[in-house]
Amino acid sequence: MTLKNLQSIALEYGCPVYVYDAHKIQDQYNRLKNAFHEVSSVKINYAVKALSNISVLKFFKTLGSGLDTVSIQEVKLGLEAGFSPKDIIYTPNGVAIEEIEAVAQLGVQINIDNLSILEQFGTRHPDVPVCIRINPHVMAGGNTNISVGHIDSKFGISIHQIPLLLRIVDNTKMTINGIHMHTGSDILDIDVFIYASEILFETAKHFSDLDFIDFGSGFKVPYKEGDIETNIEELGEKLSSRFHKFCENYGREITLAFEPGKFLVSEAGFFLTKVNAIKQTTSTVFAQIDSGFNHFIRPMLYGARHHIENISNPDGKERFYSVVGYICETDTFANNRRIAEINEGDILAFHNAGAYCFTMSSNYNSRYRPAEVLWYNDKAHLIRKRESFNDLVNNQILIDLYASG
Ligand SMILES: *Cc1c(COP(=O)(O)O)cnc(C)c1O
């Protein structure tokens with residue numbers, strides 16, 4: 001989509017507004033799929049928590065994607081969007097066994113990452129096949145340095161606990177139909193990813209009923225020029241041939257699965273905001289926008305650097321600004337950033353606003369959450385209305401204890 005498209009969306013729907021380019025989502029999906037074209041069965045399960053609008057989920061369905069979910073509510077959003085339960089995998093952490101049972105009842109693939117839960121679940125439901133989430137204890141320590149770490153991570157079942165895991169499976173007579181890892185943001189390097197995969201293959205050998213191996217995600221996308229980006233094509237080449245060898249030894253073809261969030265939606269998203277005021281202090285020129293960490297928290301929470309473009313004056317002379325929000329809290333989006341000259345009323349577009357942006361928004365300062373727009377087939381489609389005052393008071397109960405007397 002073009003700058004003009006973004007400008008007209010800001011005009012039509014007002015700011016702040018999130019915009020997602022469906023074509024970019026499709027490109028990323030196909031890129032990942034193509035990178036693994038040599039594997040006969042590849043399944044991509046989009047990680048719902050990155051961006052959970054049901055129209056976006058439905059778009060993923062048209063691409064042939066499945067879903068990766070972390071809560072029963074995300075599962076229900078997926079069902080609402082038309083997914084079949086068998087195309088959803090549920091990978092919770094630290095949730096109650098009752099929720100896991102409720103999700104299993106819906107027919108969704110369960111992924112368990114805790115031996116205590118595994119034993120309870122296997123005892124009660126030996127006929128429900130489950131996937132297990134392994135913690136391979138691999139992380140990248142800069143460049144190609146591989147170190148074994150994260151011994152105290154709350155995620156996954158440690159590879160050092162495999163003997164106990166096998167005993168539980170044996171005792172309960174449950175079926176393990178998948179092996180999974182998701183190493184999060186630790187893995188930047190393809191060789192490290194392959195190294196972790198070897199551990200997964202090693203673990204997989206213990207189980208004879210596998211339908212799939214799920215390699216999780218953690219793929220990097222560029223946020224600014226020069227950023228490291230996971231070379232998906234190289235990963236595809238290396239992992240495909242390794243996976244092929246595994247299947248040969250295993251005796252049959254199984255499915256290779258991934259569950260990316262950021263890779264699929266980050267770059268497709270733009271967050272459009274309006275500049276309320278320019279404020280010059282003794283040291284700084286602030287551009288104050290009609291948003292804050294209530295709508296877009298990644299810069300403050302993770303120190304994430306999102307490119308900011310002045311789409312009202314894209315060719316203007318560049319000057320230095322600190323871009324800040326309107327809430328009563330430090331909410332700095334960018335410090336001393338070079339941006340095309342900003343005037344009050346200009347529209348600033350934040351790039352890479354597809355993943356973990358709207359889904360992390362809140363009502364702090366009693367502001368409304370923004371609208372969401374999907375750009376599809378050269379047209380803008382409103383997929384979530386901006387909130388209204390009613391949304392703020394809807395669940396509140398005004399009690400009547402204060403009457404005098
Ligand atoms: C968050 C999450 C993902 C997606 O991670 P990205 O970095 O957005 O690709 C995948 N799998 C699980 C289990 C997750 O919790």
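Quick note: residue numbers are just sequence positions, from 1. When a ligand or atom number is given, it counts from 1 through the structure's own listing order.
- No donor-acceptor pair under 3.5 Å is formed between the side chain of T273 and the backbone N or O of D290.
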Table please: side-chain donor-acceptor pairs of residues 47-55 below 3.5 Å, with sequence neighbours left out.
{"residue": "N53", "atom": "OD1", "partner": "S55", "partner atom": "N", "Å": "2.8"}
{"residue": "N53", "atom": "ND2", "partner": "E372", "partner atom": "OE1", "Å": "2.8"}
{"residue": "N53", "atom": "ND2", "partner": "I383", "partner atom": "O", "Å": "3.1"}

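- For the pair A22 and Y376, the tightest heavy-atom approach, listed with the atom from each and the gap, is CB-CD1, 3.8 Å.
- Some N or O of K49 is nearer than 3.5 Å to an N or O of ligand 1, by distance alone.
- A cation-pi geometry, defined here as NZ or CZ lying under 6.0 Å from the six-membered ring centre and within 45° of its normal, holds between R367 and Y326.
- Under 4.0 Å from ligand 1, not a single heavy atom of A50 appears.
- Polar contact with ligand 1: present for S217 (N/O pair, distance under 3.5 Å).
- At least one heavy atom of G218 sits less than 4.0 Å from an atom of ligand 1.
- A ring-ring contact (aromatic ring centres under 6.0 Å, His included) with F258 holds for exactly one of F212, Y46, F219; it is F219.
- Every atom of ligand 1 with a heavy atom of K262 under 4.0 Å away is listed here by number and element: 6 (P), 8 (O), 9 (O).
- Partners of Y364 by ring pair (Phe, Tyr, Trp, His ring centres under 6.0 Å), not counting sequence neighbours, listed by chain and number: F293.
- At least one N or O atom of E259, backbone or side chain, sits closer than 3.5 Å to an N or O atom of ligand 1.
- Using a 4.0 angstrom heavy-atom cutoff, P260 counts as in contact with ligand 1.
- Near A47, the atoms of ligand 1 lying under 4.0 angstrom from a non-hydrogen atom of the residue are 3 (C), 4 (C).
- In summary, K154 and D113 do not engage in a salt bridge, as defined by a charged side-chain N under 4.0 Å from a carboxylate O.
- Set against the non-hydrogen atoms of Y356, the atoms of ligand 1 under 4.0 Å away are 1 (C), 4 (C), 5 (O), 6 (P), 8 (O).
- Set against the non-hydrogen atoms of D68, the atoms of ligand 1 under 4.0 Å away are 10 (C), 11 (N), 12 (C), 13 (C).
- Near G261, with a cut-off below 4.0 Å to any heavy atom, the atoms of ligand 1 are 4 (C), 6 (P), 8 (O), 9 (O).
- For the pairing with Y29, the side-chain contact (heavy atoms from CB on, under 4.5 Å) check across Q26, K33, R31 returns one residue only, K33.
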